[in-house]
Undergrad: 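Okay, here's the structure, questions in a sec.
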Amino acid sequence: MLDLTFIREHPDLIKEVAQQRNTAVDVDALLAIDADLRETRRRAEDLRAEQNRLSKAIQGAGADREARDGFIASGREVAAALKELEPRERELEAQLREYLLLVPNIPDASVPVGKGEEDNVEIKRVGQPRQFSFEPLDHVALMQGADMLDIERGVKVAGSRSYILKGDAVLLELALMQFALSRITQHGFTALSVPAMAKEFCFIGNSQFPRGREQTYALPEDELFLVGTAEVSITGMHSGEILREADLPIRYVAWSPCFRREAGTYGKDTKGIMRVHQFEKIEQYVICRAEHEESVRWHEELLRNAEELVQALELPYRVINICTGDLGDAKVKGYDIECWIPSEQRYRETHSDSYFHDYQARRANLRYRGDDGVVRYVHTLNNTALASVRTIIAIVENHQQADGTVRVPEALRPFLGGRERLGRAWR
RNA sequence: GGAGGGAUGGCAGAGUGGUCGAAUGCGACGGUCUUGAAAAUCGUAGACCGAAAGGUCCGGGGGUUCGAAUCCCUCUCCCUCCGCCA
């Protein structure tokens with residue numbers, strides 16, 4: 001959410017940004033509602049002031065019966081007038097908020113302007129895709145061969161895009177989670193295990209709602225939704241608070257399952273488990289002071305942390321700067337880390353590193369009191385540390401051996417009881 | 001799932017229709033004292049809208065009333081007991 005005053009003063013900028021970001025918001029309608037609300041509110045406040053004056057007059061009238069009755073009669077009229085105005089005021093407030101939630105954030109000047117995924121800009125490449133001395137398998141053939149994956153029965157249980165990890169794949173998944181938690185906490189981040197179900201306000205605060213609502217699983221009986229990332233729960237957990245500047249920055253690394261409906265992706269990534277409805281993720285999250293430079297500094301640091309993990313897993317990857325059209329509504333700027341997937345001969349997104357300035361904080365009403373006593377909205381950032389399924393794919397495909405086993409990268413071995421190979425030789 | 005009790009400022013906790021944005025204590029901040037600190041002592045301090053005047057906020061929403069922290073309805077959350085349960 002942006003500051004309403006800023007929107008009033010820069011309607012044309014908002015329109016331009018909305019277009020660049022492939023999103024729609026009726027700025028003129030928003031401003032019309034705003035003007036109407038301000039006028040309505042002014043009238044209501046005048047009436048309330050009058051009401052307060054009369055209330056004091058009634059008390060001051062004491063035994064003067066006649067004066068008292070006169071004031072009460074006037075009070076009755078004012079109350080009646082207010083009663084007409086107040087529903088209108090509430091209605092306008094609700095309408096304005098609906099529009100405000102649709103206004104996108106202003107991208108940073110360093111974000112490339114573009115229409116979609118194809119306009120994202122690669123900013124670095126690390127590691128060389130491996131030259132195989134044998135015909136490498138895709139993750140499905142490889143994992144099924146090693147009895148690490150059962151897609152058919154996963155689909156039987158939970159429908160398309162579901163899967164069952166088996167055997168060493170389960171150990172690998174847990175090892176990856178522990179590996180990421182262990183590394184990131186060493187950087188001073190506090191580990192969290194957060195609710196995977198959350199109330200609507202968390203999703204609004206985080207900007208998953210109202211747009212993107214159809215990507216989220218709902219539990220209507222309980223008015224809860226399944227989170228697509230721990231980010232939702234973390235934004236919710238501090239919402240409405242006023243933190244102290246001395247407590248900042250707050251750095252979390254959170255473990256949670258992630259649920260995604262993947263509505264509208266029929267036909268995309270139909271083979272294998274590249275795109276699934278449920279996976280596990282370790283997420284980095286930072287709440288810091290409201291300074292652009294500090295946001296940028298953390299954005300880069302979160303990227304470094306994630307890169308460190310990917311490098312330790314010996315995966316070739318690249319980093320891209322996401323263009324305006326692919327950025328969504330909320331981010332000021334975003335990097336993706338994409339790992340090399342041999343079977344696809346291309347890089348695929350495994351991490352997403354974002355900063356928001358106060359956009360999420362405003363929606364979640366998350367503020368801090370500066371050392372100067374001024375209350376401001378915090379800045380928020382987050383980046384994947386490690387997401388289970390896609391990283392599993394990258395590891396098994398990149399580290400597969402001619403015999404059908406998977407070499408365990410050195411850094412991961414302590415989390416797998418020292419094992420050097422996963423799966424069993426089968427080809 | 002059933003029965004009961006609660007929700008007030010950073011925290012604890014008064015306040016049952018007007019003089020209450022709200023006593024008091026603790027904590028916080030600033031001053032005095034001190035080499036420094038503690039103690040003592042004096043003082044300051046909530047959030048939101050508004051250029052201001054002014055208005056709003058005592059868990060959320062609705063209602064009664066000229067007037068609600070206080071009365072009524074409703075929702076949420078917390079606590080206690082019972083049931084169920086990893």
Side-chain angles (χ1 to χ4, degrees), chain A residues 1-9 30-31 33-101 103 193-205 209 218-225 233 236-248 250 257 287 290 358 361-378:
Chain A
M1 200 153 82
L2 294 180
D3 178 28
L4 181 55
T5 310
F6 180 85
I7 297 173
R8 279 179 200 140
E9 288 166 359
L30 184 157
L31 292 176
I33 290 165
D34 176 47
D36 196 351
L37 173 60
R38 291 218 281 176
E39 172 59 17
T40 304
R41 184 174 282 157
R42 192 189 59 74
R43 285 164 54 204
E45 284 182 359
D46 285 349
L47 287 172
R48 287 189 193 108
E50 176 66 13
Q51 196 168 46
N52 290 341
R53 275 194 296 276
L54 284 168
S55 187
K56 287 209 170 65
I58 290 166
Q59 290 169 67
D64 186 345
R65 216 26 196 259
E66 202 174 314
R68 194 182 153 86
D69 287 349
F71 290 136
I72 288 179
S74 307
R76 228 171 246 146
E77 281 171 35
V78 173
L82 251 183
K83 207 162 184 172
E84 273 187 38
L85 218 50
E86 279 176 335
R88 171 106 186 116
E89 192 183 2
R90 282 196 296 268
E91 170 63 20
L92 287 168
E93 279 169 0
Q95 282 181 21
L96 182 65
R97 179 158 175 87
E98 269 179 47
Y99 275 99
L100 280 175
L101 290 176
V103 175
S193 171
V194 296
M197 308 184 289
K199 297 184 185 188
E200 188 184 37
F201 79 87
C202 302
F203 291 81
I204 291 172
F209 290 1
L219 307 168
E221 290 288 294
D222 302 290
E223 295 184 7
L224 290 168
F225 303 83
S233 307
M237 90 188 238
H238 285 297
S239 77
E241 296 183 11
I242 299 179
L243 307 168
R244 295 177 309 179
E245 180 164 348
D247 294 333
L248 303 179
I250 294 176
I287 299 171
D358 61 9
R362 225 174 256 286
R363 295 167 80 106
N365 193 26
L366 172 50
R367 296 168 295 174
Y368 72 103
R369 191 185 312 279
D371 293 337
D372 56 3
V374 177
V375 175
R376 300 182 180 84
Y377 290 101
V378 299

Undergrad: In whole Å, I'd like the distance from the CD atom of A/Glu245 to the P atom of B/A28.
TA: 18 Å
Undergrad: Rounded to whole Å, how long is the line connecting atom CD of A/Glu91 with atom P of B/G61?
TA: 16 Å
Undergrad: Report the distance from atom CG of A/Asp69 to atom P of B/U65, rounded to the nearest whole Å.
TA: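 Distance check: A/Asp69 CG to B/U65 P gives 17 Å.
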Undergrad: Taking the P atom in each of B/G59 and B/G4, what is the distance between them to the nearest angstrom?
TA: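 To the nearest whole Å, 22 Å.
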Undergrad: For RNA chain B, determine which residues of residues 71-78 of chain A have any heavy atom closer than 4.0 angstrom to one of its atoms, and list them numerically.
TA: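 Output list: A/Ile72, A/Gly75, A/Arg76.
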Undergrad: If a protein heavy atom is under 4.0 Å from the base, mark B; if only from the sugar-phosphate, S; if neither, -; do that for nucleotides 46-59 of chain B going 5' to 3'.
TA: SSSSS---BSS---
Undergrad: Pairing check on B/U80: which nucleotide meets the Watson-Crick or G-U wobble criteria with it, both distances under 3.5 Å?
TA: B/A3
Undergrad: Should A/Arg53 and A/Glu50 be marked as a salt bridge (Lys or Arg N to Asp or Glu O under 4.0 Å) after you check the CA-CA gap, both sets of side-chain angles, and the distance that decides it?
TA: CA-CA 5 Å; A/Arg53 275 194 296 276; A/Glu50 176 66 13; 2.9 Å; yes
Undergrad: For B/G31 and B/A38, measure between their P atoms and round to the nearest Å.
TA: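 After rounding to an integer number of Å, I get 12 Å for this pair.
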Undergrad: Is a side-chain N or O of A/Thr40 found less than 3.5 angstrom from the main chain of A/Asp36, in a donor-acceptor match?
TA: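 Looks like yes, one N/O pair under 3.5 Å.
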Undergrad: Both distances below 3.5 Å, Watson-Crick or wobble geometry, any strand: find the nucleotide opposite B/A14.
TA: none
Undergrad: Send over the distance from A/Lys56 NZ to B/G17 C1', rounded to a whole Å.
TA: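 Atom NZ in A/Lys56 sits about 15 Å away from atom C1' in B/G17.
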Undergrad: Closer than 4.0 angstrom, basic N to acidic O: yes or no for A/Glu91 and A/Arg88?
TA: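 Salt bridge between A/Glu91 and A/Arg88, a charged N being under 4.0 Å from a carboxylate O: no.
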Undergrad: With both distances under 3.5 angstrom, what nucleotide forms a Watson-Crick or G-U wobble pair with B/U44?
TA: B/A28
Undergrad: Taking the same atom, C1', in B/C29 and in B/G9, what whole-Å distance lies between them?
TA: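 After rounding to an integer number of Å, I get 16 Å for this pair.
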Undergrad: Between A/Arg363 and A/Glu200, does any NZ, NE, NH1 or NH2 come within less than 4.0 Å of an OD or OE carboxylate oxygen?
TA: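 Result for this pair is no, no salt bridge flagged.
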Undergrad: Can you see if the side chain of A/Lys199 gets near the phosphate of B/C75 - specifically, an N or O under 4.0 Å from OP1 or OP2?
TA: no
Undergrad: Within the 4.5 Å heavy-atom criterion, are A/Leu366 and A/Leu243 side-chain neighbours or not?
TA: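 A side-chain contact exists here, since the closest heavy-atom pair is under 4.5 Å.
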Undergrad: Under a 3.5 Å cut-off for both distances, is B/A52 Watson-Crick or wobble paired, and to whom?
TA: none
Undergrad: Which whole-number value in Å describes the distance from A/Glu93 CD to B/G62 C1'?
TA: 15 Å
Undergrad: Rounded to whole Å, how long is the line connecting atom CD of A/Gln59 with atom C1' of B/G17?
TA: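 The distance from CD of A/Gln59 to C1' of B/G17 comes to 11 Å, rounded to the nearest Å.
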Undergrad: Do A/Ile287 and A/Glu241 come within less than 4.5 Å of each other through their side chains, counting heavy atoms only?
TA: no
Undergrad: Is it true that A/Arg90 and A/Glu93 make a salt bridge, defined as a side-chain N closer than 4.0 Å to a carboxylate O?
TA: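 Salt bridge between A/Arg90 and A/Glu93, a charged N being under 4.0 Å from a carboxylate O: no.
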Undergrad: Now, which nucleotide makes the Watson-Crick or G-U wobble pair with B/A37, with each of the two distances under 3.5 Å?
TA: none
Undergrad: Sub-3.5 Å donor-acceptor pair from the side chain of A/Ser233 to the main-chain atoms of A/Pro195, do we have one?
TA: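 Between the backbone of A/Pro195 and the side chain of A/Ser233 there is a qualifying donor-acceptor contact (under 3.5 Å).
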Undergrad: Are A/Phe209 and A/Phe225 close enough that their ring centres sit under 6.0 Å apart?
TA: yes
Undergrad: Mind checking the C1' distance from B/C26 to B/C77? Whole angstroms is fine.
TA: 26 Å
Undergrad: So that I can tick it off, tell me whether A/Arg43 and A/Asp46 are bridged by a salt bridge, with the cut-off set at under 4.0 angstrom between side-chain N and carboxylate O.
TA: no
Undergrad: Taking A/Glu86 first and then A/Arg48, would you say they form a salt bridge - that is, a charged N and a carboxylate O separated by under 4.0 Å?
TA: yes
Undergrad: Pick the C1' atom in B/A23 and in B/U16, then give their distance to the nearest Å.
TA: 16 Å
Undergrad: Calculate the interatomic distance between A/Asp247 atom CG and B/A28 atom P; express it in whole Å.
TA: 14 Å
Undergrad: Taking the same atom, P, in B/U44 and in B/C48, what whole-Å distance lies between them?
TA: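 Result for the P pair: 22 Å, nearest Å.
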Undergrad: Please report the distance separating the P of B/G67 from the corresponding atom of B/C11, rounded so that it comes out in whole Å.
TA: 32 Å
Undergrad: If you measure from the C1' atom in B/A53 to the same atom in B/G63, how many Å do you get, rounded?
TA: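 That atom pair is separated by 31 Å.
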